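Here the structure is laid out as structure tokens; the discussion comes afterwards.
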Amino acid sequence: MEKRLDEANNMLDLMVSKGCNPDCVTYNTIINGYCKAKRVEDGLKLFRKMSIREVVTYNTLVQGFSQAGKVEVAQETFEEMVSQGVHPDNVTYNILVDGLCENGKLDKAIQIFEDLQMSKMELDIVIYNIIIHGMCNGSKVDDAWNLFSSLPHKGVKADVKTYTIMIGGLCKKGSLSEADMLFKKMGEDGIAPNECTYNTIIRAHLGEEMKRCGFSADASTMKMVIDMLSNGRLDKSFLSMLS
DNA sequence: CTAGGGTTAG
């Protein structure tokens with residue numbers, strides 16, 4: 001967790017030298033550490049050396065490759081898992097579908113999600129949250145809304161994340177009044193908003209308020225930003241807010 | 001008498 005992977009590896013060698021054999025949890029802890037440290041290739045090397053093939057390790061690797069932006073390799077790892085006879089579980093599909101969404105492959109994510117719905121796997125709210133989030137970020141807020149609205153028929157109960165994701169999607173689309181209505185409905189449905197929900201809706205309202213007050217990136221604003229960037233009062237990451 | 005490792009929102 002502290003990204004001190006080489007020390008962790010030395011510890012692994014030490015335990016082996018003392019006759020204490022690592023098991024799948026030991027290995028997975030280190031493989032996950034490699035992935036979090038953006039060293040998924042090193043994680044894969046360790047994986048190739050071990051003989052245990054279980055679902056959690058594959059899940060770790062699929063996520064590692066996705067988060068390293070190598071979603072094709074993540075998909076290949078998933079295929080390998082299936083061909084090795086290791087059965088994917090809910091977490092596998094959550095990781096795979098989220099990885100596809102985060103790497104610009106929303107259509108593929110939706111396709112897998114639809115296959116899952118036809119399968120006899122029991123889907124819980126997590127996969128719905130992931131796909132609704134993917135749709136909202138992929139400019140398919142209307143599709144997200146339709147899916148969100150279908151949850152009661154499917155016997156799946158929306159949680160605070162579902163509402164927050166959907167409210168965020170409506171805000172992004174510019175439908176602030178619909179977002180407000182959903183925020184109200186969420187309370188009526190007995191789901192309490194949390195800090196994420198409030199941040200989402202407050203940010204959208206502030207953005208509207210700024211527009212109404214005539215704030216925009218005009219010449220004088222740009223000059224102010226450029227000045228503040230040059231004297232260091234404003235961090236460069238601020239610019240990402242503007243796009 | 002068998003822990004501990006992998007998943008979603010701004």
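Quick caveat: nothing in here was measured; it's all calculated off a predicted structure. Naming: A, B, ... by sequence-line order, numbering from 1 per chain.
Electrostatic pairing of A:E72 and A:K105 counts as a salt bridge here, judged by a charged N lying under 4.0 Å from a carboxylate O.
Rounded to an integer number of Å, the gap from A:I125 CD1 to B:dT7 C1' is 14 Å. One atom, CD of A:E195, and another, P of B:dA9, lie 13 Å apart when rounded to the nearest Å. In this structure, A:L100 places its CG atom 17 Å from P of B:dT7, rounding to the nearest Å. Look at CG on A:L182: it is 13 Å from C1' on B:dA9, rounded to the nearest Å. Taking atom CG of residue A:L106 and atom C1' of nucleotide B:dT8, one finds them 15 Å apart after rounding to whole Å. Rounded to an integer number of Å, the gap from A:Q63 CD to B:dT8 P is 6 Å. Between the CD1 atom of A:I191 and the P atom of B:dA9 there is a distance of 18 Å, given to the nearest Å. Spacing between atom CG of A:N194 and atom P of B:dT8 amounts to 16 Å, rounded to whole angstrom units.
Here the side chain of A:N129 is nearest to one of B:dT8, B:dA9, B:dG4, namely B:dT8. When the nucleotides B:dT7, B:dG4, B:dA9 are ranked by their closest atom to the side chain of A:N94, B:dT7 comes out on top. Of all nucleotides listed (B:dA9, B:dG4, B:dT8), B:dG4 comes nearest to the side chain of A:V25.
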Under 3.5 Å, which N/O atoms of the protein pair with N/O atoms of nucleotides 1-3 of chain B?
none

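Heavy atoms of A:T197 sit nowhere under 4.0 angstrom from any nucleic acid atom. Looking at heavy-atom distances under 4.0 Å, A:K172 makes no contact with the nucleic acid at all. Residue contacts shown for A:C35 are absent, as no nucleic acid heavy atom lies under 4.0 Å away. Contact annotation for A:D159: no contact, since no heavy-atom pair falls under 4.0 Å across all strands.
In summary, of the residues considered (A:Y128, A:Y58, A:F78, A:F113), a ring-ring contact (aromatic ring centres under 6.0 Å, His included) with A:Y93 occurs for A:F78 alone.
For the pair A:R203 and A:Y198, the cation-pi test (distance below 6.0 Å, angle within 45°) is failed.
A:W145 places a side-chain heavy atom less than 4.5 Å from the side chain of A:L170.
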Identify all side-chain donor-acceptor contacts of residues 12-24 of chain A below 3.5 Å with residues at least two apart in sequence or on another chain.
from, atom 1, to, atom 2, distance (Å)
A:S17, OG, A:L14, O, 2.7
A:D23, OD1, A:V25, N, 3.1
A:D23, OD1, A:T26, N, 3.2
A:D23, OD1, A:T26, OG1, 3.0

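Note that CD1 of A:I110 and CG of A:L106 are 4.0 Å apart. Values are rounded to the nearest 0.5 Å.
Nearest heavy atoms, A:G64 versus A:C35: CA-SG, 3.7 Å.
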